[in-house]
Amino acid sequence: MSTLATTLESPTPESAATTTVVSGVQPSGELHIGNYFGAIRQHLALHSQHPAYYFIVNYHALTTLHDREALRQNTLHVAAAYLALGFDPSKAHLFLQSDVPEVTELAWIFYNLVPVSRLELGVSYKEKIDRGLTPNAGLLNYPVLQAADILIYGGSLVPVGADQRQHIEMTRDIAQRFNHTFCPEDDPLFPIPEPYILDNVAIVPGLDGKKMSKSYGNTIGLFDEGKALKKKVMSIVTDSTPLEAPKDPDEDNVFALITLFADKAKQEEIAAAYRAGGYGYGHAKKALLGMINTYFGDARERYHDLMARPDYILDILREGGENGRAQAQQFMERVREVTGLLTTY
Ligand code: AQP
C-alpha cells in the first residue's frame with residue numbers, strides 16, 4: 001500500500017525547465033482527502049522540482065465564510081496540514097494570499113477585461129447558487145482573483161482538481177487578453193499557464209457519491225481519526241447488493257476511494273473479490289479505514305504537534321509571504337507600466 005507520496009505517476013510537461021508552479025487552497029473548512037489527492041499531493045510532489053508558490057487563499061474564502069475565528073483557525077489548519085504532509089519551506093514558498101495585497105490590484109485591472117456574461121457561466125458559481133447561496137460580487141469574480149493569483153507569480157503550471165479546469169481556462173483567456181491589449185506582440189508579459197490535472201484523481205467522490213467538498217458536509221477530513229473517522233467511512237453510500245452477490249467495483253464509491261490508497265496489485269485483488277461475491281461493502285469499508293489510518297497516521301501526529309505551535313507556522317508563512325510579495329511587486333511595476341497606470345512614489 002502507498003504511503004505519503006513524494007513522486008507523481010504522470011510526468012510533468014516537457015517545458016519543465018521553465019516551469020513555475022502555482023496553486024492555492026481555500027481556508028473555507030477542514031481539508032479533505034479530495035483536496036489532498038486532487039491537488040495537495042501534486043503540490044507536494046512538484047514543490048521540490050520547480051520554483052513553486054502555494055498560497056492559502058483567504059480573500060477567496062471570504063466569498064462564503066464570514067466568521068473571523070473560523071477563518072483564522074482554518075488558515076492555520078491549512079498551513080499546518082501542508083507542513084505535516086511534507087511541505088518543505090526551504091524548497092518553495094507557502095504563504096497567505098492576504099500577505100500579497102498586490103493580487104487584488106491585479107484582479108481589479110483584470111476585471112476590466114472580462115465580460116460579466118462569461119463570469120455568470122462559471123460552473124462553480126452556478127453550483128453554489130443551485131445549492132441556495134445568494135451570490136455576492138466576490139463569488140462572481142472569484143475566477144478573476146484566481147487569475148491574478150496565478151499570473152502575478154508568472155505561474156506556468158497549475159496543479160488542481162478537475163473542478164478547477166474551467167477557472168484555469170479563464171486564467172488563460174485573461175492572460176491572452178491582457179497580452180493582446182497591452183503588450184507588444186513579441187513581448188507578452190504573462191505566460192499562458194497550463195492546468196496539471198491527474199485523471200485518476202480528477203474528482204474524488206464524497207460520502208454521498210457527489211464531489212467531496214468542504215461545504216457539502218460529505219467529506220473525510222485529512223486528520224479525522226478514531227470513532228469519528230470510522231463512523232464516516234461506514235456511512236459511505238453504497239447500493240443494496242447483498243453480501244454474497246457479485247458486485248461491480250467500478251460502480252461503487254468505497255472502491256473509488258480505495259483506489260486512491262491501494263497500489264495496483266491490491267486494487268486488483270479487491271476488485272476480484274467484489275466480482276466473485278461473498279465480499280460485502282462492510283469488508284471494503286473496513287479495508288478502506290485501515291488504508292486511511294496507515295496513509296495519514298504519521299502526518300496526523302505531526303499535524304497535532306504543529307497546531308500547538310502557531311508562532312512557528314506564522315513564521316514560515318511570513319517568510320513565504322515576503323518572497324511571494326517581492327515577486328508580485330516586481331510584476332506589478334511592469335503591469336502598471338504597460339497599462340499606463342502612473343504612480344508618483
Ligand atoms: N472532490 C475533489 N476531488 C478532486 N480535487 C478536489 N479539490 C477539491 N475538491 C476535490 C481540489 O482541491 C484544491 C483546493 O480546493 P479549494 O479549497 O481551493 O476549493 P474547492 O475546489 O472549492 O474545494 P472544496 O472542498 O469543494 O471547497 P468549498 O466547499 O469551500 O468550495 C483545488 O485544486 C480543487 O480542485
Side-chain angles (χ1 to χ4, degrees), residues 5 21-47 52-67 70-71 73-75 77-79 81-82 85 87 94 96-97 103 122-133 135-136 138-140 142-143 145-147 149-150 155 157-171 193-224 232 236 253 256-257 259-261:
V21 183
V22 296
S23 202
V25 176
Q26 287 194 79
S28 50
E30 296 239 331
L31 294 179
H32 51 74
I33 63 175
N35 297 132
Y36 177 75
F37 286 103
I40 297 173
R41 183 161 167 262
Q42 285 70 265
H43 298 172
L44 297 173
L46 290 167
H47 88 295
Y53 296 84
Y54 300 137
F55 22 85
I56 303 174
V57 293
N58 48 1
Y59 288 139
H60 276 109
L62 278 177
T63 60
T64 54
L65 180 66
H66 296 161
D67 175 334
L71 184 58
Q73 270 310 311
N74 293 344
T75 302
H77 158 75
V78 173
Y82 267 78
L85 293 165
F87 179 87
L94 176 69
L96 302 175
Q97 185 184 35
V103 293
V123 174
S124 168
Y125 173 74
K126 288 198 296 189
E127 236 176 55
K128 290 211 156 78
I129 295 175
D130 288 347
R131 281 179 10 226
L133 214 82
N136 53 45
L139 195 65
L140 180 70
Y142 187 114
L145 180 58
Q146 186 171 352
D149 270 331
I150 293 168
L157 188 69
V158 192
V160 285
D163 59 321
Q164 291 291 326
R165 197 184 291 277
Q166 190 196 38
H167 285 182
I168 308 306
E169 198 47 54
M170 225 182 274
T171 297
E194 295 286 340
Y196 183 75
I197 298 171
L198 296 187
D199 289 341
N200 58 328
V201 292
I203 303 264
V204 173
L207 304 177
D208 54 1
K210 300 199 182 103
K211 180 202 150 193
M212 188 175 287
S213 193
K214 296 185 207 95
S215 49
Y216 292 4
N218 66 352
T219 64
I220 296 177
L222 283 186
F223 306 110
D224 283 345
K232 282 191 177 179
I236 296 170
N253 291 323
L257 295 174
T259 62
L260 301 173
F261 295 93

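We count ligands from 1, going down the list as the structure has it; atoms in each ligand are counted the same way. A quick note: this is a predicted structure, and the numbers were derived from the prediction, not measured.
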Tabulate distances under 3.5 Å between N/O atoms of ligand 1 and N/O atoms of the protein, writing both atom names on each line.
from: ligand 1; atom 1: 1 (N); to: Val204; atom 2: O; distance (Å): 2.9
from: ligand 1; atom 1: 1 (N); to: Met212; atom 2: N; distance (Å): 3.4
from: ligand 1; atom 1: 1 (N); to: Met212; atom 2: O; distance (Å): 2.9
from: ligand 1; atom 1: 3 (N); to: Val204; atom 2: N; distance (Å): 2.7
from: ligand 1; atom 1: 5 (N); to: Gly34; atom 2: O; distance (Å): 3.3
from: ligand 1; atom 1: 9 (N); to: Met212; atom 2: O; distance (Å): 3.4
from: ligand 1; atom 1: 12 (O); to: Asn35; atom 2: ND2; distance (Å): 3.1
from: ligand 1; atom 1: 15 (O); to: Asn35; atom 2: ND2; distance (Å): 3.4
from: ligand 1; atom 1: 17 (O); to: Gln26; atom 2: N; distance (Å): 3.1
from: ligand 1; atom 1: 17 (O); to: Lys214; atom 2: NZ; distance (Å): 2.3
from: ligand 1; atom 1: 18 (O); to: Gln26; atom 2: N; distance (Å): 3.3
from: ligand 1; atom 1: 19 (O); to: Gln26; atom 2: NE2; distance (Å): 3.4
from: ligand 1; atom 1: 21 (O); to: Asp163; atom 2: OD2; distance (Å): 2.7
from: ligand 1; atom 1: 25 (O); to: His32; atom 2: NE2; distance (Å): 2.7
from: ligand 1; atom 1: 25 (O); to: Lys214; atom 2: N; distance (Å): 2.9
from: ligand 1; atom 1: 26 (O); to: Lys211; atom 2: NZ; distance (Å): 2.9
from: ligand 1; atom 1: 26 (O); to: Ser213; atom 2: OG; distance (Å): 2.4
from: ligand 1; atom 1: 27 (O); to: Lys214; atom 2: NZ; distance (Å): 3.3
from: ligand 1; atom 1: 29 (O); to: Ser213; atom 2: OG; distance (Å): 2.9
from: ligand 1; atom 1: 29 (O); to: Lys214; atom 2: N; distance (Å): 3.3
from: ligand 1; atom 1: 29 (O); to: Ser215; atom 2: N; distance (Å): 2.8
from: ligand 1; atom 1: 29 (O); to: Ser215; atom 2: OG; distance (Å): 2.4
from: ligand 1; atom 1: 30 (O); to: Ser28; atom 2: OG; distance (Å): 2.8
from: ligand 1; atom 1: 31 (O); to: Lys128; atom 2: NZ; distance (Å): 3.1
from: ligand 1; atom 1: 33 (O); to: Gly161; atom 2: N; distance (Å): 3.2
from: ligand 1; atom 1: 35 (O); to: Gly161; atom 2: N; distance (Å): 2.9
from: ligand 1; atom 1: 35 (O); to: Asp163; atom 2: OD1; distance (Å): 2.4

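- In this structure, the side chain of Gln97 does not engage the main chain of Phe55 through any donor-acceptor pair within 3.5 Å.
- In this structure, the side chain to side chain contact (heavy atoms under 4.5 Å, CB included) partners of Leu133, at least two apart in sequence or on a different chain, are Thr64, Lys128, Leu139.
- Scanning all heavy atoms of the two residues, the minimum distance from His43 to Val25 falls at CE1-CG2, 4.3 Å.
- Between Tyr82 and Phe87, the angle of the ring planes goes over 60°, which puts this pair in the perpendicular group of the 30/60° scheme.
- A donor-acceptor distance shorter than 3.5 angstrom exists from the side chain of Gln42 to the backbone of Gly38, with no hydrogens or angles considered.
- In summary, the side chains of His167 and Gln146 do present a donor paired with an acceptor at a separation below 3.5 Å, with no hydrogens or angles considered.
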